[in-house]
Amino acid sequence: MNVWKVEDNTLKELPKSRLDSEDRLENWIAADSSITGLDLLVIGKQVVTLYGGRIDLLAMDYEGNLVILELKRDRTPRDVVSQTLDYASWVKDLTYEQVDAIATNYLQITLSDAFFNRFGVDLPQEINRQHSMIIVASELDPS
């Protein structure tokens, strides 16, 4: 996605540049997930999986589905897809109790309270029926 600015009544494309720190991107999205274009509740940051990986951000959508956000500060390496799929294979089996523990640890309130505060409705009775994988980067590897 390109970014543009209006200059002298014309559009000028802004050049892509490398972000100096992936942590900055992670903190920005954790503070306001709407910059991804998605309506999410971030429930975990640097979530350690059973396989020893670290999910940059774990979030939940309005329907109680989990969303994995893998962040890269520059162009993505090709293996980011397999990395994200590994995370998804772990996420798919998380129970309500495990998701609640991740959220409570990160947010310092229960998942149900955080969900209500974010979306204004009660947490669905069944969560994690589906999940999504989102890769956030300045540029995707063409392969």
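All residue numbers in this chain count up from 1 along the given sequence. Since this is a predicted model, take the numbers as computed values, not measurements.
The two residues Pro124 and Tyr62 come nearest to each other via the heavy atoms CG-O, 4.3 Å. Leu107 and Ala114 get closest at one heavy-atom pair: CD1-CB, 3.5 Å. Closest non-hydrogen pair, Trp90 versus Leu50, comes out as NE1-N, 3.2 Å. Closest non-hydrogen pair, Ile102 versus Gly44, comes out as CG2-CA, 4.2 Å. Minimum interatomic distance between Tyr106 and Lys45 (heavy atoms only, all atoms of both residues): CE1-CB, 3.5 Å. Phe115 approaches Asp122 most closely through the heavy-atom pair CE2-O, 3.5 Å.
Looking only at side-chain heavy atoms (C-beta outward), Leu69 and Glu26 stay at 4.5 Å or farther from each other.
Panel note: side chain Arg118, backbone Leu40; a donor-acceptor pair is recorded below 3.5 Å. A distance-only check finds no donor-acceptor pair linking the side chain of Asn65 to the backbone of His131 [under 3.5 Å]. For Ser34 (side chain) and Gly37 (main-chain N/O), no donor-acceptor pair under 3.5 Å exists by modelled atom type. A donor-acceptor distance shorter than 3.5 angstrom exists from the side chain of Asn27 to the backbone of Asp23, with no hydrogens or angles considered. Under a 3.5 Å cut-off, the side chain of Thr104 and the backbone N or O of Gln108 do not form any donor-acceptor pair. Listed for the Ser33 side chain is no donor-acceptor partner under 3.5 Å among the backbone atoms of Ile29. Judged purely by atom type and a 3.5 angstrom limit, Asn105 has no side-chain atom pairing as donor or acceptor with the backbone of Ala101.
For the residue pair Asp8 and Thr10, no side-chain donor N or O sits within less than 3.5 Å of a side-chain acceptor on the partner. In the model, Asn128 has no side-chain atom that pairs as donor or acceptor with a side-chain atom of Lys92 under 3.5 Å.
Atom CG of Leu58 sits about 4.0 Å away from atom CD1 of Ile43, to the nearest 0.5 Å.
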**Item:** side chain to side chain donor-acceptor pair (under 3.5 Å) between Ser89 and Asp86, worked out
**Value:** CA-CA 5 Å; Ser89 70; Asp86 283 345; 5.0 Å; no

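More than 12 non-hydrogen atoms from other residues, nucleotides or ligands lie less than 6.0 angstrom from OH of Tyr96. Counting heavy atoms of neighbouring residues, nucleotides and ligands inside a 6.0 Å radius, atom CD of Gln125 does not exceed 12 of them. Gln130 CD: 12 or fewer foreign heavy atoms inside a 6.0 Å radius.
When Leu57, Thr36, Ile55, Ile134 are each tested for a side-chain contact (heavy atoms from CB on, under 4.5 Å) with Leu71, only one passes: Leu57.
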